[in-house]
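Worksheet for the structure shown next.
A quick note: this is a predicted structure, and the numbers were derived from the prediction, not measured.
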Amino acid sequence: MMKKTVNKFWGLIPFLIIMFCSVLVAVIEKVTDNTFRILPRNILICAGIISIGILLLWLNTRKTISVHRIFSFVLRIISVFLIVVVILTGLFVMGFSHHPEHIVTKYGIKMVASVHSFLDEQVNYYEYKNWFFYGKNLGYEYYGSGGNDPLAQKPKRDPIRFIFYDLDGDIIESKDF
């Protein structure tokens with residue numbers, strides 16, 4: 001019974017698993033006020049792209065759909081177009097949402113430093129939760145114009161302005177605010 005169901009719906013199963021994982025992540029983020037980190041998010045996006053490709057392949061190989069030749073040909077053309085759009089959109093989202101992350105300890109607190117360096121170099125610090133999630137914002141550093149990772153530079157430059165909070169939200173230290 002189970003094997004027959006899996007054989008019948010093999011193309012739908014990966015898509016449903018990825019959708020379940022996406023909903024689970026959204027619920028966890030909402031309930032705990034934590035945020036999904038960049039690397040696991042990009043892995044989920046890649047798995048989603050692959051699952052959509054498998055779903056479209058499965059739809060195109062089903063015998064019940066390929067009864068009419070013209071309809072089958074149009075479906076294949078639309079499927080190729082859709083997978084190209086999904087891949088390009090996924091790569092675009094991953095490319096522009098990617099920010100290098102560093103695990104650092106400042107003021108005795110373990111933090112995730114998320115670097116944003118498109119036109120200006122800035123680093124946001126978040127409470128470290130685990131490999132998958134980070135917590136509330138604990139600080140910010142601004143380094144000025146540039147396009148590099150200020151935390152990876154040797155020697156490390158001093159920020160132009162910054163502010164850091166403790167876990168209770170009280171200011172620990174700030175400069176130029």
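With rounding to the nearest 0.5 angstrom, the CD1 atom of I163 is 4.0 Å from the CD1 atom of I171. Separation of atoms CH2 (W58) and OG (S79) is listed at 12.0 Å; rounding is to 0.5 Å. Summarising the geometry, atom CG belonging to D166 is positioned 8.5 Å from atom CG belonging to L138; distances are rounded to the nearest 0.5 Å. The NE2 atom of H116 sits 13.5 Å away from atom OH of Y142, with the distance rounded to the nearest 0.5 Å. Atoms CD1 and CD1, from I38 and I43 in turn, are 11.5 Å apart once rounded to the nearest 0.5 Å. The structure places CG of D158 at 6.0 Å from NZ of K175, a figure rounded to the nearest 0.5 Å.
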request  = Apply side chain to side chain donor-acceptor pair (under 3.5 Å) to H99 and N124, showing your working.
outcome  = CA-CA 10 Å; H99 305 290; N124 290 313; over 6 Å; no
inquiry  = Working note: I87 + F92, criterion side-chain contact (heavy atoms from CB on, under 4.5 Å); need CA distance, chi angles, decisive distance, verdict.
reply    = CA-CA 8 Å; I87 288 171; F92 181 79; over 6 Å; no
ask   = Do I28 and F36 pass the side-chain contact (heavy atoms from CB on, under 4.5 Å) test, and can you show the C-alpha distance, the side-chain angles, and the key distance before you say yes or no?
value = CA-CA 9 Å; I28 290 171; F36 207 42; over 6 Å; no
message = Determine whether H102 and D149 satisfy the following criterion, side-chain contact (heavy atoms from CB on, under 4.5 Å), listing intermediate values before the conclusion.
response = CA-CA 10 Å; H102 304 274; D149 183 347; 2.6 Å; yes
ask   = I109 and M111: side-chain contact (heavy atoms from CB on, under 4.5 Å), yes or no, with the steps?
value = CA-CA 6 Å; I109 303 170; M111 299 181 193; 4.1 Å; yes
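Side chains of V104 and Y125 form a contact here, defined as non-hydrogen atoms less than 4.5 Å apart. Here the side chains of S51 and I17 are not in contact, with every heavy-atom distance at 4.5 Å or above. Contact check for R37 versus F132: no side-chain heavy atoms found under the 4.5 Å cut-off. Residues P14 and L55 have side chains not in contact (no heavy-atom distance under 4.5 Å, counting atoms from C-beta outward). A 4.5 Å side-chain heavy-atom check between S145 and L119 finds every atom pair outside the cut-off. L82 is listed as a side-chain neighbour of L56, based on a closest heavy-atom distance under 4.5 Å.
Under a hydrophobic clustering in which Ile, Leu, Val, Met, Phe, Trp and Tyr are joined whenever their side-chain heavy atoms come within less than 4.5 Å, directly or via other members, Y140 and Y128 fall into different clusters. Follow the hydrophobic side-chain contacts under 4.5 Å out from L16 and you reach I18 in the same cluster. Tracing side-chain contacts under 4.5 Å through hydrophobic residues (I, L, V, M, F, W, Y), one reaches F20 starting from I45; they form part of the same cluster. The hydrophobic clustering, which links ILVMFWY residues whose side-chain heavy atoms are closer than 4.5 Å, places Y107 and I103 apart. V85 and I50 sit in two unconnected hydrophobic clusters of ILVMFWY residues. Membership requires side-chain heavy atoms under 4.5 Å apart, directly or through other members.
No side-chain donor-acceptor contact under 3.5 Å links E101 to the backbone of S114. Listed for the D168 side chain is no donor-acceptor partner under 3.5 Å among the backbone atoms of D170.
Nearest heavy atoms, P150 versus V123: CG-CG2, 3.8 Å. I83 and V80 get closest at one heavy-atom pair: CG2-O, 3.1 Å. Across L44 and S22, no two heavy atoms sit closer than the pair CD2-OG, 3.8 Å.
A salt bridge links E29 to R41: at least one charged side-chain nitrogen sits closer than 4.0 Å to a carboxylate oxygen. With respect to the salt-bridge test (charged N to carboxylate O, under 4.0 angstrom), the residues K129 and E127 qualify.
The aromatic rings of F162 and F164 sit tilted relative to each other, their planes meeting at an angle between 30° and 60°.
Listed by chain and residue number, Y134 satisfy the ring-ring contact (aromatic ring centres under 6.0 Å, His included) test with Y126 (two or more places apart in sequence, or in another chain). Residues forming a side chain to side chain contact (heavy atoms under 4.5 Å, CB included) with K156 (at least two apart in sequence, or on another chain): E141, Y143, L151.
More than 12 heavy-atom neighbours from other residues, nucleotides or ligands sit within 6.0 angstrom of CZ on F133.
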